[in-house]
Each structure stands twice: as structure tokens, then as C-alpha cells.
Amino acid sequence: MSAHLNGMQALRKEHLYKVLVIGDLGVGKTAIIRRYVHQTYSNNYRATIGVDFALKVLNWDSETVRLQLWDIAGQERFGNMTRVYYREAMGAFIVFDVTRPTTFEAVVKWKEDLDSKLMLANGQSIATVLLANKCDQGRELSNNGIKMDQFCKDHGFIGWFETSAKDNLNIGDAANFLVKHIMATENDILKSVIPDTISPQLHSNKHTSCAECFK
């Protein structure tokens with residue numbers, strides 16, 4: 001029996017994905033990560049200095065996925081270290097605070113910074129999901145869903161979610177959505193035998209709304 005189990009474990013594929021969590025200061029990046037990884041929440045978080053790390057292990061069908069989440073300080077976009085922090089990442093969350101419009105305005109700058117400093121082996125941008133955080137505070141974007149879908153399409157996001165670290169809303173769903181895209185992207189890259197002829201259409205924004213992905 002134990003030999004059979006060992007054989008099953010040996011067949012189990014493992015993946016390690018580096019995922020960035022970026023966005024302006026105070027949008028709730030650390031709270032989202034701690035809720036997702038440790039299932040904890042606090043009203044008192046100190047501002048992250050530089051970068052912090054967390055690891056989440058997922059059992060994905062017959063495979064093990066290890067997510068290395070990089071919590072990057074909000075002020076880092078103005079520094080020179082982001083290129084180092086971004087290196088080898090396969091996916092990203094860009095977070096804004098729905099109660100602070102300026103943090104939404106900064107989303108495009110974060111995305112541009114990310115795209116200018118990091119790309120996949122096939123020359124494409126990494127899978128990036130937009131998180132509209134702190135929706136527990138009463139400013140829901142559901143009524144503006146069509147506008148948000150268009151915003152994501154225009155700026156190269158694969159989708160968006162309203163999230164609340166406090167209420168543990170949609171964080172796991174957003175992570176699963178991102179992992180699904182990362183794995184599909186990885187498979188497409190691996191299937192490309194000759195790197196120089198990789199199709200530029202590796203990933204397009206096929207999802208008009210996130211709800212379609214969970215049907």
C-alpha cells in the first residue's frame with residue numbers, strides 16, 4: 001500500500017509560481033495575502049517596507065501548486081527595485097481601494113510599469129488580475145461591471161474581482177482564476193517547440209466577464 005502511495009506521489013506534478021501583489025500604499029495588499037494564506041484579518045497593518053513574501057500551497061486536481069506571493073510596498077513604483085522584484089513572476093494582482101479613486105487612477109501606471117519591466121519567454125505580458133478591494137465599505141462596482149470589463153480589456157487585464165479581505169470575499173476565486181490562466185499559459189509556452197516562432201496570440205482577453213469563467 002505504501003509503495004502504491006509513493007508511486008502516486010511521484011506521479012504528482014508540482015508547480016512553483018511567483019505571483020506579484022502590487023498597487024498603491026494602503027489598498028490592502030498585505031490584508032489580502034494574509035486572509036488568503038493564513039485566513040486571518042486585522043484592522044491594523046503596518047505599511048510594507050520593500051517586499052514581503054508568503055507561500056500558499058494548492059492541491060490542483062492531480063497537481064500541487066505552490067504560489068509564492070510577493071507583497072510589494074506601495075511606494076516601490078517610484079523606486080528602481082521593482083525590476084528586481086518582478087523578475088521571473090508568472091502572474092500578478094494589481095489592487096486598488098474602491099473608496100479612494102486616486103488608487104484606481106494609479107492602476108494603469110502600475111500595469112505599465114509591470115509590462116515595461118517583465119515579459120514571458122514568448123514576449124507576452126504576464127497574466128494580471130485587477131482587484132477592487134474594500135468593497136465591504138459600501139462602494140460596490142457591480143453596476144459598473146461593463147465599464148470595468150472594458151477597462152480590463154483596454155489595459156491588458158485578464159479579469160477583475162471585487163474583493164474584501166475583511167469579509168473574505170472573492171479572494172480565493174480570484175487566485176484560482178489567476179492560477180488557471182498561469183497554468184494554461186505555461187502549457188502553451190511548453191508546447192512551442194521553436195521559441196522564435198511562438199504565436200503572439202498566446203493569450204487574448206477572451207473573458208468578457210469573470211462570471212463566465214465559473215459556469
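All values below were derived from every heavy atom in this structure, side-chain atoms included, with hydrogens, water molecules and symmetry-related copies excluded.
- Taken from CG in L67 to CG in L55, the straight-line distance is 8.0 Å, to the nearest 0.5 Å.
- With 3.5 Å as the limit, one finds a donor-acceptor pair spanning the side chains of W70 and Q68.
- Formation of a donor-acceptor pair under 3.5 Å by the D61 side chain with backbone atoms of E63 is not found in this model.
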Notebook entry, point to check: For V129 and F157, what are the C-alpha separation, side-chain angles and deciding distance, and is it a side chain to side chain contact (heavy atoms under 4.5 Å, CB included)?
Noted result: CA-CA 6 Å; V129 173; F157 290 91; 5.9 Å; no
Note to self: Using the rule given for side chain to side chain contact (heavy atoms under 4.5 Å, CB included), can you reason through L114 versus I126, listing the C-alpha separation, both sets of side-chain angles and the distance that settles it, and then say yes or no?
What the structure shows: CA-CA 9 Å; L114 182 63; I126 65 171; 4.2 Å; yes
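- Rounded to the nearest 0.5 angstrom, K29 NZ and R34 CZ are separated by 12.5 Å.
- F161 places none of its side-chain heavy atoms less than 4.5 Å from the side chain of L169.
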Margin query: For Y86 and I72: C-alpha separation, side-chain torsions, deciding distance, then whether side chain to side chain contact (heavy atoms under 4.5 Å, CB included) applies.
Written below: CA-CA 9 Å; Y86 292 169; I72 297 173; 4.0 Å; yes
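- Under 3.5 Å, the side chains of S164 and D136 contain a donor-acceptor pair of N or O atoms.
- Aromatic ring centres of H15 and Y17: separated by under 6.0 Å.
- By the rule that hydrophobic residues join a cluster once side-chain heavy atoms approach within less than 4.5 Å of another member, V108 and V21 end up as members of one cluster.
- Residue F151 holds its CZ atom at 11.5 Å from CH2 of W160, rounded to the nearest 0.5 Å.
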Next item on the list: Decide yes or no on side chain to side chain contact (heavy atoms under 4.5 Å, CB included) for Q124 and M119, but give the supporting numbers first.
Entry: CA-CA 6 Å; Q124 298 297 300; M119 62 177 58; over 6 Å; no
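- Dense packing is recorded around NZ of K56, with more than 12 heavy atoms of other residues, nucleotides or ligands lying under 6.0 Å away.
- Annotation: salt bridge (Lys or Arg N to Asp or Glu O under 4.0 Å) contacts of D115 (sequence neighbours excluded): K111.
- Contact of the V57 side chain with the V65 side chain is not registered, since no non-hydrogen atoms from C-beta on lie closer than 4.5 Å.
- Considering only heavy atoms from C-beta on, Y85 stays 4.5 Å or farther from I22 through its side chain.
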Next item on the list: Please report the C-alpha distance between N170 and T163 in whole Å, then the side-chain angles of each, then the deciding distance to 0.1 Å, and finally whether the side chain to side chain donor-acceptor pair (under 3.5 Å) criterion is met.
Entry: CA-CA 5 Å; N170 287 340; T163 58; over 6 Å; no
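- The two atoms that bring A165 and I171 nearest to each other are CA-CD1, 3.7 Å, heavy atoms only.
- Listed by chain and residue number, nothing satisfies the salt bridge (Lys or Arg N to Asp or Glu O under 4.0 Å) test with K18 (two or more places apart in sequence, or in another chain).
- For the side-chain contact (heavy atoms from CB on, under 4.5 Å) test, residues two or more places apart in sequence or in another chain that qualify with Q39 are R35, N168.
- From E162, atom CD reaches atom CG of D173 across 12.5 Å, with rounding to the nearest 0.5 Å.
- Side-chain atoms of T128 and F93, non-hydrogen and from C-beta on, never get closer than 4.5 Å to each other.
- For the pair F96 and L131, the minimum side-chain heavy-atom distance is 4.5 Å or more.
- Between N176 and W60, some side-chain heavy-atom pair lies under the 4.5 Å cut-off.
- Between E105 atom CD and W110 atom CH2 the span is 15.5 Å, to the nearest 0.5 Å.
- A continuous path of Ile, Leu, Val, Met, Phe, Trp and Tyr side chains, each step under 4.5 Å between heavy atoms, connects L118 with M81, placing both in one hydrophobic cluster.
- In plain terms, the two heavy atoms of A54 and I33 that are nearest each other are CB-CG2, 3.6 Å.
- Counting only heavy atoms from C-beta outward, the side chains of I32 and V95 approach each other to under 4.5 Å.
- Annotation: ring-ring contact (aromatic ring centres under 6.0 Å, His included) contacts involving residues 114-134, sequence neighbours excluded, are absent.
- Minimum interatomic distance between L20 and A89 (heavy atoms only, all atoms of both residues): CG-CB, 3.6 Å.
- Under a hydrophobic-cluster definition in which Ile, Leu, Val, Met, Phe, Trp and Tyr are linked whenever side-chain heavy atoms come within less than 4.5 Å, directly or via other members, L25 and L130 are assigned to different clusters.
- Side-chain contact between K153 and D149 is absent, with no heavy-atom pair separated by less than 4.5 Å.
- Note that CD1 of I158 is 4.0 Å distant from NE2 of H181, once rounded to the nearest 0.5 Å.
- Hydrophobic clustering, with ILVMFWY side chains joined whenever heavy atoms are under 4.5 angstrom apart, keeps L16 apart from V37.
- Not counting sequence neighbours, the partners of K117 by the salt bridge (Lys or Arg N to Asp or Glu O under 4.0 Å) test are D113.
- Within the structure, salt bridge (Lys or Arg N to Asp or Glu O under 4.0 Å) pairs that include any residue of residues 82-97 comprise D97-R100, D97-K134 (at least two apart or interchain).
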